[in-house]
Protein chains: 2
Amino acid sequence: MTDSTAKSSTSPDLDAVTGQEPTHENLYAEQKSPARHATRTPPPAHEKPEPQHLRDLFDNATFEHHYQPDSTIVLHGDRVQAMYLIVSGTVRCCTIDPEGRRQIFRFAQKGAVLGVADIDKWHFTAEAVDHVILRSVAQSTLRQALTANPRLCQELVTRICELLRKDERQLLSLAHNKAPERLLQFLTDFSAERGASGKSHVALPMCRRDIADHLGLSIETVSRAFSTLKNSGQIEMPTFESYRICPPAPVA
Amino acid sequence: MTDSTAKSSTSPDLDAVTGQEPTHENLYAEQKSPARHATRTPPPAHEKPEPQHLRDLFDNATFEHHYQPDSTIVLHGDRVQAMYLIVSGTVRCCTIDPEGRRQIFRFAQKGAVLGVADIDKWHFTAEAVDHVILRSVAQSTLRQALTANPRLCQELVTRICELLRKDERQLLSLAHNKAPERLLQFLTDFSAERGASGKSHVALPMCRRDIADHLGLSIETVSRAFSTLKNSGQIEMPTFESYRICPPAPVA
DNA sequence: CGATCTGTTGACAATGCTCAACGTTCGTGG
DNA sequence: CCACGAACGTTGAGCATTGTCAACAGATCG
């Protein structure tokens, strides 16, 4: 049923980052580290600042993995060998149910981490929507860092909880909202996650099929929902793969 | 809209949990259920074996909280002051969305823990479905135990991940299944969680409204779905508040 | 006994899915 | 260079499922 079965690109996993061990301690420092996601800074192998955030672990990544559109990043059921940071691109996290229907739990974008809630085996399949660049940290490295630093453990919990919140928000949307409302919420969330200013137009990397499988709708209904939102002036679409949310529209 | 706004009973939170004196009372003898195994075994305050599991923390609980049907246990948005173990009864975890519609994320039963994924504030409202008995552990105690014992932290992560899996399973159900299928899956899961043998009949403590708000359906549709399942021989219902899942039914 | 609450069932309308047709874009091959 | 087919998005028509409104039955309670 599902069309996107393309697989290719480098399949990393273990090789990449069997980095050395960042040891111990839980000295408290600053709260929010700046260092968002930079252009790869070669890690100085000798100096090892204690990682205070999950993100810091990726600073030791020796290189970046590239994925072509529609290629598989991790496969549902496979052993977890690493955790991934999305440097750029969009990833869809999905499963196929017994009847062959696909459910996309979420689209993960730049800055998101794959594998925070996957203990032993991946509980979803991750595929590249567009061109995706990842950095990875070996599972063993991660475990060491976690036991050494309770703060990291806490951040992990926080991140998983955020996933939970998102899922429950999605649950609410599926349970109560009509197609156009679901779509609008999705578009709003998507642009928010991407840090869009609301001024400029946001690119929609995924196809209608992907959106449909995310919102639990058919592609036709998604298409109609787009039309509804456009006609009612809630969104603006220069092309079918870019959009902008229009201000709340002063209703009566 | 939502009718179940009843709030009453002992609302513990700070006082109770902080270990000292249970100020207000929780006597309140019989309501429905004759307190399954509510007899508290007095914890030997002096000896404290290192807790290896989250459950162990509750062994030190000095008493048990009782809740009448439809009473509020914790309120969405309130500060988290404790974590709760369900000793008996069924709890519904829900939120009310801006439009006033209620979504029940899950029904928690005996052995479940409330508050594993709520860091600072409760992100849902918990209400007693039937007579509920809880044990609690103060947030501060929990934090101490967590920092002292990485195993506990890991168990916490595992439990949150289980929640995530359940939510995603629910997501899948809402996105792809028709009413009767959703209901059947719910009934199956519910009896499984309760450890039902499959032989005997399972009591349905919650009303149709609750089930509807859990499955994202109207009460009428839930009622019709029950009829469908009964007529097709997939379930058996001696009364409208007890059921039994019938074997897979040998199809062609 | 009447009032109320819950669950069930029916009739009708609204929403969304399926099937189908059509336009556009893109890549391939004549 | 153009024709063709494939893939994708859009739109329409008919049908299935579900929500809404309404009536009714049984249980509980005063």
Side-chain angles (χ1 to χ4, degrees), chain A residues 1-6 68-70 99-103 129-130 173-184 186-187 203-232 235 237-243, chain B residues 1-6 31-32 68-70 92 97 99-103 129-130 173-184 186-187 203-232 235 237-243:
Chain A
M1 271 316 135
T2 315
D3 44 6
S4 57
T5 39
Q68 303 169 10
D70 288 327
E99 285 86 357
R101 295 165 304 193
R102 184 178 68 158
Q103 171 66 29
V129 169
D130 46 9
S173 189
L174 288 194
H176 298 302
N177 289 346
K178 310 282 178 202
E181 303 173 277
R182 287 190 220 177
L183 180 59
L184 184 59
F186 163 68
L187 294 176
L204 256 189
M206 74 290 291
C207 65
R208 296 293 188 261
R209 159 99 275 138
D210 285 347
I211 300 179
D213 287 344
H214 179 52
L215 300 179
L217 299 169
S218 66
I219 43 180
E220 293 93 338
T221 301
V222 170
S223 190
R224 278 184 256 267
F226 267 115
S227 299
T228 303
L229 293 180
K230 278 188 289 190
N231 294 337
S232 64
I235 63 171
M237 296 193 78
T239 76
F240 63 80
E241 49 194 6
S242 74
Y243 69 98
Chain B
M1 268 320 134
T2 316
D3 47 5
S4 59
T5 39
Q31 173 75 7
K32 285 269 188 187
Q68 304 169 13
D70 288 327
R92 58 172 177 256
D97 77 2
E99 285 86 357
R101 295 165 304 192
R102 185 178 67 159
Q103 171 66 30
V129 169
D130 47 7
S173 187
L174 288 194
H176 297 301
N177 289 345
K178 311 280 180 202
E181 302 172 279
R182 288 191 219 176
L183 181 58
L184 184 59
F186 163 68
L187 294 176
L204 256 188
M206 73 291 290
C207 65
R208 297 293 189 261
R209 160 98 273 138
D210 286 346
I211 298 178
D213 287 344
H214 180 53
L215 300 180
L217 299 169
S218 66
I219 43 179
E220 294 93 337
T221 302
V222 170
S223 191
R224 276 185 258 267
F226 267 115
S227 300
T228 303
L229 293 181
K230 277 187 289 188
N231 294 337
S232 64
I235 63 171
M237 295 192 79
T239 77
F240 64 80
E241 50 193 4
S242 75
Y243 69 98

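Letters A, B, ... mirror the listed sequences (proteins, then strands); counts begin at 1.
Listed pair Ser227(A) / dT11(D) meets the phosphate criterion, a side-chain N or O lying under 4.0 Å from OP1 or OP2. Between Arg209(A) and the phosphate of dC8(D), there is no side-chain N or O to OP1/OP2 separation shorter than 4.0 Å. For Thr221(B), a side-chain nitrogen or oxygen approaches OP1 or OP2 of dG19(D) to under 4.0 Å.
Look at CD1 on Ile219(B): it is 8 Å from P on dG7(C), rounded to the nearest Å. As rounded to whole Å, 17 Å separates atom C1' of dT18(D) from atom CZ of Phe226(B). Look at CG on Asn177(B): it is 16 Å from C1' on dG16(C), rounded to the nearest Å. One can place CD of Glu241(A) at 11 Å from P of dT25(C), the figure rounded to the nearest angstrom. Going from atom CD of Glu220(B) over to atom P of dT20(D) covers 8 Å, rounded to whole Å. Atom CG of Asp213(B) and atom P of dG19(D) are 11 Å apart (whole Å). Atom pair Phe240(B):CZ and dC5(C):P shows a separation of 15 Å (rounding to whole Å applied). Lys230(A) has its NZ atom 6 Å from the P atom of dT11(D), to the nearest Å.
Side-chain atoms of Tyr243(A) come within 3.5 Å of backbone N or O of Leu187(A) as a donor-acceptor pair.
Nearest-nucleotide positions on DNA chain D for Arg208(A) and Lys178(A) put Arg208(A) closer to the 5' end. Map Val222(A) and Ala175(A) each onto its nearest nucleotide of DNA chain D; the residue landing nearer the 5' end is Val222(A).
Closest non-hydrogen pair, Phe186(B) versus His214(B), comes out as CD1-CD2, 3.5 Å. Considering all non-hydrogen atoms of both residues, Gly216(B) and Leu174(B) come closest at N-CD2, 4.4 Å.
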#### Entry: Verdict with supporting geometry, Arg92(B) and Asp130(B), salt bridge (charged side-chain N to carboxylate O under 4.0 Å, His left out)
CA-CA 10 Å; Arg92(B) 58 172 177 256; Asp130(B) 47 7; over 6 Å; no
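One can find a donor-acceptor pair under 3.5 Å joining the base of dT20(D) and the side-chain atoms of Arg224(B).
Counting any heavy atom pair closer than 4.0 Å across all strands shown, Leu217(B) reaches sugar-phosphate atoms only and no base atom.
To the nearest 0.5 angstrom, Asp210(B) atom CG is 10.5 Å from Leu215(B) atom CG. Atom CZ of Arg101(A) and atom CG of Asn177(B) lie 5.0 Å apart (nearest 0.5 Å). The CG atom of Leu204(B) sits 5.0 Å away from atom CD1 of Ile211(B), with the distance rounded to the nearest 0.5 Å.
In the helix from dC1(C)-dG30(D) to dG30(C)-dC1(D), the end axes, each obtained as the rotation axis mapping the C1' atoms of four pairs onto the next four within a five-pair block, lie 20° apart to the nearest 10 degrees.
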